[in-house]
Amino acid sequence: MDIRVRYAPSPTGNQHIGGVRTALINYLFARSKGGVFILRLEDTDQTRYSGEYVKNLYETFDWLGFRWDEGPDIGGPAGPYVQSERFALYREHAEKLVAMGQAYYCFCDEERLSTIRAAQAKDDSSEMGYDRHCRGLEPIVAAARLASGEKAVIRLKIPLEGTTKFHDALLGDIEWKNEDVSPDPVLLKSDGFPTYHLANVVDDHFMRISHVMRAQEWIPSAPMHMIMYKAFGWTPPELIHLPMVLGQDGSKLSKRHGATSVNEFRKNGYLPDALINYIAHLGCSFEEGRDIFTLGELEGLFKVEKLNKAPAVFDYQKLEWYNGQYIRMKSDAELVALVKPFLAEAGFVSTNDAVLLAAMPLVRERLHFLKDAPDMMRYLFKEPTLPAKEEFIPKKLDVGRAIELLAAAAAFLPSCDLANIEAAETAFRAEAERLGVKFGDLMMPVRVAITGSRVSPPLFESMALLGVERSVARLEKARAHLS
RNA sequence: GUCCCCAUCGUCUAGAGGUUAGGACAGCGGGUUUUCAUCCCGCCAACAGGAGUUCGAUUCUCCUUGGGGAUACCA
């Protein structure tokens, strides 16, 4: 059997962690099996749809760097891949079900429906949902009302008795009493658009989807899908319900847990490689004793059996660690390219890439997020604003001593060869000894003078980047600042 | 309320009848170091509970408890 899987997002919001995780698992499964990964746009909700979200979808996957084999933008043999372009197909099939007696027209309006809901909520009834009011309508009567222009939806007839069972490749056999299946869900809305359930089943069938991999929140709709497949006489695809992704408090991951949309992660300086690697490991394992994988490795290693059944909590701290790991794996040139947009956004426009290139080794191990680069490198672009005097004073020393040290450093620096860091350090160590202070005590006021902070990238390298002249100027300025 | 799914350190997980229950993140404590970071070493920390099955259960079965999800003309 051909392996064909799909990611079928609804463009009613920006791409978020949960969706992208589902997409990634589908993609990895397809790749691991030599199958096809399809993108299908489920734009059936006209009230929430926006072209902005479609744009966001493409941008997101461009950034992440993995792609579908068939989809709206590249076409394919099972197109079109946008549901609004398949409009006629859904009505045709909904009406087919009506003709077969498996579905029916319902004329209940919003008002009646909400009245039912309110009543059910009030007396804690175990009976929830539609009361099947129109199910018994004679077809002739329904046809007449339809002909008179009355608005209607088409609802699926869920059997009143018996059970529906299906197999989940991960969870095993699942059996539902039909009375517990959502009573007669709407297939075709009154605006003529299909609901998710109809469009999903019809498209999965005609696109020859072999495996449906989606989050576990979809389990309750699986039985009604099965009832539809059976009504149509179609063979359903294999089902695999993926463990959900939860926030720190254990509920479904959402905005209130922090960043959830992928573009937020991008803006905050996460690397796509890190995000992909981390996300792949939510509810899935690949190989023992290893945490870092390339996308290609994940493709080769993915196995459905290694999927977990239990939901996974999204851990920003672990993702941060991954991000740092991936930043450290970048070459100087790669890192420059990654960091540049963030520097530009902060107003640090480099005229000289060589300087940036040389600066990368200074910040690489210190960076957890690309976003941190501007602050960390600010002193290379702008004259630092000098902090309070105490910041300059090493432990157990006083202002006077700090001034002396700065003066000494300013006088001494021009004689150093900053092109040779080791030699410069040796020279400074000797100078510290001559001055009768610990090496670290000499360096601290110098560090604050040069970088504006007690915490900074390596000093000698920094001074080398700035050049002797600018470095001495900063030392002098700091000395004046303290006096 | 009802139905469904799930259950190993705080978190992500390994484990598929016999293990000192392993790793990673976080936390804590050391070491290296011009600060910070990196890196290295160490420590802390789990089989939800109760019945079975078995010579033996983290592992199989059932129950309880706990968590999550679904109950829309949203997906």
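Here is the naming used below: chain letters follow the sequence lines, and residue numbers restart at 1 for every chain. Bear in mind the structure is a predicted one, so any value in this text is a computation, not a measurement.
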Mark up nucleotides 8-16 of chain B, 5' to 3', with B wherever a protein heavy atom is under 4.0 angstrom from a base atom, S wherever such an atom reaches only the sugar-phosphate, and - elsewhere. ---SBSSS-
Categorize Ser221(A) for me: base, sugar-phosphate, or nothing, with a 4.0 angstrom heavy-atom threshold over every strand shown. nothing
Salt bridge present between Asp398(A) and Arg401(A) (N-O < 4.0 angstrom): no
Main-chain N/O of Asp43(A) paired to Gln46(A) side chain as donor or acceptor, under 3.5 Å: yes
Indicate yes or no: does Arg86(A) engage Asp203(A) in a salt bridge with an N to O separation below 4.0 Å. yes
Counting Watson-Crick and G-U wobble pairs only, both distances under 3.5 Å, name the nucleotide matched with rA48(B), or none. rU64(B)
For Lys252(A), answer base if it contacts any base atom (sugar-phosphate contacts may also be present), sugar-phosphate if it contacts only those atoms, and nothing otherwise; contact means non-hydrogen atoms under 4.0 Å. sugar-phosphate
Any idea which of rU38(B), rC36(B), rG69(B) is nearest the Glu217(A) side chain? rG69(B)
Phosphate contact (rC73(B) OP1 or OP2) by Arg117(A) side-chain N/O below 4.0 Å: yes
From the options rU35(B), rC5(B), rA75(B), select the nucleotide whose nearest atom is closest to the side chain of Arg366(A). rU35(B)
Using a 4.0 Å heavy-atom cut-off, does Arg364(A) contact any base of the nucleic acid, only the sugar-phosphate backbone, or nothing at all? nothing
Between rG66(B) and rU13(B), how far apart are the two P atoms, rounded to whole Å? 23 Å
Span that lies between the P atom of rC36(B) and that of rU32(B), in whole angstrom: 13 Å
Under 4.0 angstrom, heavy atoms only, what part of the nucleic acid is Arg290(A) near: base, sugar-phosphate, or nothing? nothing
Could you tell me whether a side-chain N or O of Arg6(A) sits under 3.5 Å from a main-chain N or O of Asp204(A), the two making a donor and an acceptor? no
Watson-Crick/G-U partner (both atom distances under 3.5 Å) of rC43(B): rG27(B)
Under 4.0 angstrom, heavy atoms only, what part of the nucleic acid is Ser182(A) near: base, sugar-phosphate, or nothing? nothing
Would you indicate what Gln325(A) reaches in the nucleic acid, counting non-hydrogen atoms under 4.0 angstrom: base, sugar-phosphate, or nothing? sugar-phosphate
Tell me whether the rings of Phe206(A) and His93(A) are parallel (<30°), tilted (30 to 60°) or perpendicular (>60°). perpendicular
What do the steps show when you test Leu362(A) against Leu465(A) for side chain to side chain contact (heavy atoms under 4.5 Å, CB included), and what is the final call? CA-CA 10 Å; Leu362(A) 310 196; Leu465(A) 280 176; 3.8 Å; yes
Tell me whether the OP1 or OP2 atom of rA75(B) has a side-chain N or O from Thr44(A) closer than 4.0 Å. yes
Over all strands shown, is Val153(A) touching base, sugar-phosphate only, or nothing at heavy-atom distances under 4.0 angstrom? base
Is the closest basic N to carboxylate O distance between Lys330(A) and Asp273(A) below 4.0 Å? yes
Closer than 4.0 Å, any side-chain N/O of Lys189(A) to the OP1 or OP2 of rA75(B)? yes
Partner lookup for rA70(B), please. Criteria are Watson-Crick or G-U wobble with both distances under 3.5 angstrom; report none if nothing qualifies. rU2(B)
Look through every strand shown and name the nucleotide pairing with rC55(B) as Watson-Crick or G-U wobble, where both distances are under 3.5 Å. rG18(B)
Nearest-angstrom distance, C1' atom, rA75(B) to rA37(B): 44 Å
So, Arg112(A) and Asp109(A), do they make that salt bridge, N to O below 4.0 Å? no
Testing rA37(B), rA75(B), rC73(B) for proximity to the side chain of His368(A), the answer is rA37(B)
Across the strands shown, which category fits Pro223(A) at heavy-atom distances under 4.0 angstrom: base, sugar-phosphate, nothing? nothing
Roughly how many Å apart are rC62(B) and rG29(B), using the P atom of each and rounding to a whole number? 47 Å
Using atom P in both nucleotides, what's the gap between rG67(B) and rC60(B) to the nearest angstrom? 23 Å
Applying a 4.0 Å non-hydrogen cut-off, can you work out what Trp218(A) is touching in the nucleic acid: base, sugar-phosphate, or nothing? base
Ser190(A) (side chain) and rC73(B) (base): donor-acceptor pair under 3.5 Å: yes
Which of these nucleotides, rA26(B), rA75(B), rG69(B), is closest to any side-chain atom of Asp45(A)? rA75(B)
May I ask you to decide whether Glu42(A) forms a salt bridge with Arg40(A), counting only side-chain N to carboxylate O separations under 4.0 Å? yes
